[in-house]
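FYI, the numbering just counts along the sequence from 1. Side chains included, hydrogens not; waters and symmetry mates left out as well; all remaining heavy atoms used. Keep in mind that what you see is a predicted model, and the values were worked out from it rather than measured.
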Amino acid sequence: MKKLFALVAVGLLGACVSQKPPVKLLATPDDPKILNRVNQKGTSRIQGQAFMRQVGGGVVTAAGEKVGLFVATPYTEEAFATVKSGQNIDQSTDTLNFKQYIKTTTADATGNFEFDQIPPGNYVVVTKVAWQVPQGRYGMSDEGGVLNQKVTVAQGQTAKIIMNR
C-alpha cells in the first residue's frame with residue numbers, strides 16, 4: 001500500500017470521499033510537543049504482525065506495506081475512530097498536520113514489523129492489508145482495509161501486538 005499515510009492523513013484532514021456529513025472533533029487538539037514524542041529516541045520497542053483472513057479462510061498479510069506509529073491521545077484516538085467509521089473530519093476542527101508526527105517502517109513478507117528505540121508511552125499503530133478479487137467479467141474489486149490498534153509500551157520493554165480483522 002503505497003498511499004497508506006496519504007490516505008490516513010487525507011482522512012484525518014477531512015478530505016476523503018464520504019456520503020456522511022463532516023464530524024467536528026470534540027477532543028482538544030494536542031500540543032505538537034506531545035505528538036512529536038514519536039520522533040524522539042527511547043529504549044522501548046513495539047513488534048507486531050498485521051494480516052486479514054479472507055472469507056474463504058486464506059490469510060493476506062501486510063507484506064511490503066508501510067506501518068505508521070502515532071502518539072495516542074484523546075485527539076488522535078477520536079480522529080482515527082472517525083476515519084475508521086467512514087466519516088470525514090470537519091477541517092475547521094482539525095488544525096494539525098499529522099504527517100510530521102508519524103514514525104514509519106515497512107512490514108516484511110509475513111506482515112511482521114518493528115519500531116525500535118521509541119520512548120515509553122501510548123501509541124496507535126496503523127497499516128493496511130489489501131488484495132483484489134475478480135468482479136464481473138473483466139474487472140477487479142479491492143478488498144481488505146486499514147487496521148489500527150492502540151498499544152502501550154513501558155520503559156525498556158517490548159510490546160508485541162497482532163493486528164487483524
Side-chain angles (χ1 to χ4, degrees), residues 1-40 42 44-55 59-62 65-107 111-115 118-131 141-154 159-165:
M1 178 222 57
K2 299 173 186 162
K3 305 280 183 190
L4 168 65
F5 300 107
L7 170 72
V8 171
V10 166
L12 288 173
L13 296 174
C16 63
V17 178
S18 174
Q19 300 288 353
K20 301 174 184 175
V23 173
K24 291 188 178 201
L25 297 179
L26 302 176
T28 304
D30 297 306
D31 180 339
K33 291 178 185 175
I34 294 170
L35 295 175
N36 199 42
R37 190 177 75 228
V38 75
N39 293 314
Q40 298 170 358
S44 302
R45 172 184 302 161
I46 297 173
Q47 295 176 331
Q49 184 180 37
F51 61 90
M52 286 188 185
R53 187 169 304 278
Q54 297 171 309
V55 175
V59 174
V60 179
T61 70
E65 298 290 351
K66 293 286 184 193
V67 183
L69 185 69
F70 292 87
V71 173
T73 66
Y75 186 80
T76 57
E77 289 180 47
E78 181 182 4
F80 276 109
T82 300
V83 171
K84 191 173 184 178
S85 74
Q87 295 179 292
N88 291 331
I89 295 173
D90 183 333
Q91 291 182 13
S92 69
T93 62
D94 181 37
T95 57
L96 294 174
N97 178 1
F98 277 92
K99 287 187 252 183
Q100 62 186 333
Y101 305 115
I102 185 171
K103 187 171 191 152
T104 62
T105 190
T106 303
N112 293 307
F113 58 88
E114 178 176 289
F115 292 99
I118 59 173
N122 299 315
Y123 295 94
V124 177
V125 180
V126 182
T127 192
K128 182 179 176 186
V129 177
W131 64 93
S141 174
D142 293 332
E143 297 287 327
V146 175
L147 298 172
N148 64 5
Q149 184 170 330
K150 186 175 177 183
V151 60
T152 300
V153 63
K160 295 184 178 183
I161 62 172
I162 298 292
M163 299 177 69
N164 67 355
R165 174 173 65 176

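You'll find the side chain of Leu147 reaches within 4.5 Å of the side chain of Val129, heavy atoms only. Annotation: side chain of Gln54 is in contact with side chain of Trp131 (closest heavy-atom distance under 4.5 Å). Looking at heavy atoms from C-beta onward, Val125 lies in side-chain contact with Val151 at the 4.5 angstrom threshold. Between Thr104 and Leu69, every side-chain heavy-atom pair lies at or beyond the 4.5 Å cut-off.
Listed by chain and number, the residues in a salt bridge (charged side-chain N to carboxylate O under 4.0 Å, His left out) with Glu114 are Arg45 (sequence neighbours excluded). Looking at residues two or more places apart in sequence or on another chain, you find a salt bridge (charged side-chain N to carboxylate O under 4.0 Å, His left out) between Lys150 and Glu77.
Considering all non-hydrogen atoms of both residues, Val153 and Ser44 come closest at CG2-CB, 3.6 Å. Closest heavy-atom contact between Val71 and Val38: CG2-N, 3.7 Å. Summarising the geometry of Ala107 relative to Phe113, their closest heavy-atom pair is CA-CB, 4.3 Å, with the distance given to 0.1 Å. Taking every heavy atom of both residues into account, Gln40 and Pro119 meet most closely at O-CD, 3.2 Å. When all heavy atoms are compared, the tightest approach of Ile102 to Asn39 is O-OD1, 3.7 Å. A pairwise comparison of heavy atoms in Val67 and Phe115 identifies O-CZ, 3.4 Å as the closest pair.
For the atom pair CD1 of Ile46 and CD1 of Ile118, the computed distance is 3.5 Å after rounding to the nearest 0.5 Å. Note: Glu143 CD to Met52 CE = 10.0 Å, rounded to the nearest 0.5 Å. From Asn122, atom CG reaches atom OG1 of Thr152 across 3.5 Å, with rounding to the nearest 0.5 Å. Put simply, OG1 on Thr73 and CD on Glu78 are 9.5 Å apart, with the number rounded to the nearest 0.5 Å. Put simply, NZ on Lys103 and CZ on Phe70 are 13.5 Å apart, with the number rounded to the nearest 0.5 Å. Distance check, rounded to the nearest 0.5 Å: CD1 of Ile162 to CG of Asn112 gives 8.0 Å.
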Please determine whether side-chain contact (heavy atoms from CB on, under 4.5 Å) holds for the pair Thr127 and Lys66, giving the CA-CA distance in whole Å, both sets of side-chain angles, and the decisive distance to 0.1 Å.
CA-CA 6 Å; Thr127 192; Lys66 293 286 184 193; 5.9 Å; no

Leu35 vs Tyr75, side-chain contact (heavy atoms from CB on, under 4.5 Å): CA-CA, chis, key distance, verdict:
CA-CA 10 Å; Leu35 295 175; Tyr75 186 80; 5.8 Å; no

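A cation-pi arrangement is not found for Arg37 relative to Tyr101, the charged atom failing to lie both closer than 6.0 Å to the ring centre and inside a 45° cone about the ring normal.
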